[in-house]
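Okay, so here's the structure we're looking at.
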Amino acid sequence: MTGVAGVIGWPIDHSLSPAIHNAAFRALGIDAVYTAFAVPPEDLAAALVGVRALRLLGLNVTVPHKRAAMLLCDEVSDVAVATGAVNTIVPRDGKLWGTNTDVEGFAGSLAGARPRRAVVLGAGGAAAAVVVALRKLAAGGAAGLSVSVVARDADAARPLLDLGAGEVLPWTEPALAGVLAGADLLVDATSAGLDETRERALPAPVPLDALAGDAWVCSLIYHRRPALLADAAARGLRTLDGADMLVRQAAASFTLFTGEPAPLDAMRAALRAAQPTAR
Ligand code: NDP
């Protein structure tokens, strides 16, 4: 009766989620395994039917399925509706319930920061999760926090206005210079930091010197140190990569799968072991 949980994506071979979740099962002595399922888009619906039929503990959902999977759930959380995406699905009373723990993951990783002017780069699902997390931060004490979004396709970013962003700007030198002047939080929620080739293909350079002296610069990338964070650190700015967000979103999913508080330290240690560049 070993429980089974997993992550579906396409491709999925580089996922760190199995290492993180299996460490958590071991740490708590739970008889369960977590595995990666490579599921192409045309098989997504069948795979989700299988979650119910096989009585899985639950599934994480990653690229490219986060939006499509939401439409295939029977019920979804408010956070899933707000972001238009699910990264976690659990069977509940014979139905599939979906939510997006990326929001909780990012909000948790920012704990302690009290930004007043935030700028988010990107228009994808991760940017939506960040904007919703910042809105929650504003509601929970960071009153007056303004959120601007900058994207190379500003039209694609317009839906973020409904999520709580105050403005959407095109990724141009003048727009970046204006919006970053005095901002104290910059979140790169694009996939540009995934490798050097993409980093070099930014529509315009990001003028970090315009930021406030005590600003935080965050990237959601967790498998390497993006150039943006290296540049920010060289300027004395505070930096945060995506590793803590990754662990915290996994922890929130783990609790949904098992009903148990997640062993965060064991999950962090597993991430560091699986990927020595993560801190
Ligand atoms: P999407 O593919 O949905 O969105 C990517 C966004 O990045 C799009 O707005 C895209 O613009 C933009 N972009 C890509 N390359 C460039 C570039 N060279 N210059 C400017 N903009 C660019 O991805 P997600 O939103 O799902 O994820 C974004 C990143 O966040 C991924 O790298 C992912 O690994 C990471 N992530 C990390 C998490 C964590 O726990 N740490 C959780 C979730 C995501 P366009 O639309 O024009 O192509």
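Whatever order the structure lists them in is the order used to number ligands and atoms, beginning at 1. Fair warning: this is a prediction, and the values are worked out from it, not measured in the lab.
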Just jot down the ligand 1 atoms closer than 4.0 angstrom to any heavy atom of [X], in number order.
X	value
K66	43 (C)
G125	3 (O), 25 (O)
A192	15 (N), 16 (C), 17 (C), 18 (N)
A201	18 (N)

Measure the distance from [atom] to every protein heavy atom, then report the residue, atom name and distance (to 0.1 Å) of the closest one.
atom	answer
atom 9 (O) of ligand 1	A123 N, 2.9 Å
atom 14 (C) of ligand 1	S191 OG, 3.3 Å
atom 36 (N) of ligand 1	L220 CB, 4.0 Å
atom 4 (O) of ligand 1	G124 CA, 3.5 Å
atom 11 (O) of ligand 1	R152 NE, 3.3 Å

With a 4.0 Å heavy-atom cut-off (strictly under), which part of [X] contacts ligand 1: side chain, backbone, both or neither?
X	result
L194	side chain
M245	both
E199	neither
I221	side chain

Return the option from L202, T190, D241 holding the heavy atom at the smallest distance from atom 6 (C) of ligand 1.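 Closest candidate by heavy-atom distance is T190.
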Quick test of your reading of the structure: of P226, G193, A156, A126, whose heavy atom lies closest to atom 26 (O) of ligand 1?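 Considering heavy atoms of P226, G193, A156, A126, the nearest to atom 26 (O) of ligand 1 sits in A126.
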Heavy atom of [X], distance to ligand 1 below 4.0 Å:
X	result
R248	no
P203	yes
W171	yes

Using a 6.0 Å distance limit plus a 45 degree cone around the ring axis, check whether R92 lies over the aromatic ring of W97.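 Judged by the rule, R92 and W97 form a cation-pi pair.
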Is atom 34 (O) of ligand 1 less than 4.0 angstrom from at least one protein heavy atom?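 Under the 4.0 Å cut-off, atom 34 (O) of ligand 1 has no protein heavy-atom neighbours at all.
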Under 4.0 Å from atom 23 (O) of ligand 1, is there any protein heavy atom?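 Protein heavy atoms within 4.0 Å of atom 23 (O) of ligand 1 - there are none.
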Polar atom proximity, A127 to ligand 1 (N or O, under 3.5 Å):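 No, A127 has no N/O under 3.5 Å of an N/O on ligand 1.
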Geometry only, no angles: is G242 polar-contacting ligand 1 at N/O separations under 3.5 Å?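 Right, the criterion is met.
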Nearest 0.5 Å, please: how far is CG in L208 from CG in L228?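 The CG atom of L228 sits 5.5 Å away from the CG atom of L208.
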Return yes if some donor-acceptor pair links the side-chain N/O of R52 with the main-chain N/O of G94 below 3.5 Å, else return no.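 Judged by distance alone, yes, a pair lies under 3.5 Å.
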Whether D93 side chain and K95 backbone form a donor-acceptor pair below 3.5 Å: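 Not a single qualifying donor-acceptor pair exists.
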If you count the non-hydrogen atoms of other residues, nucleotides and ligands that lie under 6.0 Å from CG in D78, is the total more than 12?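 It does not: D78 CG has 12 such atoms or fewer within range.
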Quick one: closest heavy-atom pair of Y222 and A243, and the distance?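 Closest approach of Y222 to A243: CB-N, 3.6 Å.
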